[in-house]
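Some notes on the structure that comes next.
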Amino acid sequence: MKETKQYPFVPIYGIPFSKLTMQDTVVWLTQAIQERRSTHVITANPIMVMAALENANFMKVMKQSDLVVPDGTGVVWAANYVGDPLPERVTGFDLLHQLMTAGQEYRWRVYMLGASPEVIQEAASRLQQQYPAIEIVGYRDGYFGAAEDEQVVEQISSLHPDILFVARGADTQEPWIAKYRDRLNSTVMMGVGGSFDVISGRSKRAPEWVQSMRIEWLYRLVKEPSRFTRMLALPKFALKVMRDKEKVTKIN
Ligand code: UDP
């Protein structure tokens, strides 16, 4: 692992999970924006860890990002299980809102990329209303192919946002950011998965009680049974961590 990580972390199969609390994460990212330090943030869960273990390119993307935060109860559990606990879960959805709140003071410029055309339009308008001092400099849907990458990258780059949120599904958004990060002219770049769907009102986040019981994964499974195959990665991850207990933080 690169020893250049600028934050305290727990390595889980070589992926450096940040030990920063939500509040400290926001402070850390605020500083990155003020210094205009290009920062790819990944909010990672066990499904992404398992994907990285099966796909060398995805692992590289995870390791080369600038900050990996523990989105997903399973990651917090694993760190605790191997005796190097993380202070708390930092979900992408909450981090997005915390950054918007912090950014009001500095009038940050934000670009939103991803989700369907209706969802992104509604999400942009709701966020602008909720955070009037933020400047949403642009948005576009996430349904485009590689042939359109150039045009999308150029548009974002010309607007030089402080924050770029990308919602195209974890397996697409993170490699996309990694590929174009040097040309996006954006400071903080972060994948936010299904967050725009929730913000637009199109889909609902699990209720508080479900979140506090740590069964958000079960809620999503019931709502979207098509996730079943993908979610098998959760028990697989748990079993793997139990089996590898001594090695989890030592494997690179
Ligand atoms: N999405 C997109 N382009 C695509 C595929 C997905 O913009 O080619 C959007 C989708 O509309 C949703 C978000 O990406 O808003 C997350 O999708 P999904 O829930 O499938 O992702 P995951 O759960 O894998 O992160």
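In listed order, ligands and their atoms are each counted from 1.
- With Asp71 contributing its side chain and Asn45 its backbone, the two residues share no donor-acceptor pair below 3.5 Å.
- Under the 4.5 Å side-chain contact rule for hydrophobic residues, Val69 and Ile163 share a cluster.
- Scanning for side-chain hydrogen bond (donor to acceptor under 3.5 Å, both in side chains) contacts around Asp94 gives Thr91, Arg205, with sequence neighbours left out.
- The cationic atom of Arg230 (NZ for Lys, CZ for Arg) does not lie both less than 6.0 Å from the six-membered ring centre of Trp217 and within 45° of the ring axis.
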Would you tabulate the polar-atom pairs, meaning N/O of ligand 1 against N/O of the protein, with distances under 3.5 Å, reported to 0.1 Å?
| residue | atom | partner | partner atom | Å |
| --- | --- | --- | --- | --- |
| ligand 1 | 1 (N) | Tyr143 | OH | 3.3 |
| ligand 1 | 3 (N) | Gly142 | O | 2.8 |
| ligand 1 | 7 (O) | Ala115 | N | 2.8 |
| ligand 1 | 7 (O) | Ala167 | O | 3.2 |
| ligand 1 | 11 (O) | Tyr143 | OH | 2.7 |
| ligand 1 | 14 (O) | Ala167 | O | 3.1 |
| ligand 1 | 14 (O) | Gly169 | N | 3.3 |
| ligand 1 | 15 (O) | Asp197 | OD2 | 2.3 |
| ligand 1 | 19 (O) | Arg227 | NH2 | 3.1 |
| ligand 1 | 23 (O) | Arg227 | NH1 | 3.3 |
| ligand 1 | 23 (O) | Arg227 | NH2 | 3.2 |
| ligand 1 | 23 (O) | Arg230 | NH1 | 3.4 |
| ligand 1 | 24 (O) | Arg230 | NH1 | 2.6 |
| ligand 1 | 25 (O) | Ala170 | N | 3.2 |

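- A search for side-chain hydrogen bond (donor to acceptor under 3.5 Å, both in side chains) contacts involving Asp141 returns nothing, not counting sequence neighbours.
- Within the structure, the side-chain hydrogen bond (donor to acceptor under 3.5 Å, both in side chains) test picks out the following pairs touching residues 79-89 (sequence neighbours left out): Lys19-Asp84, Arg89-Glu216.
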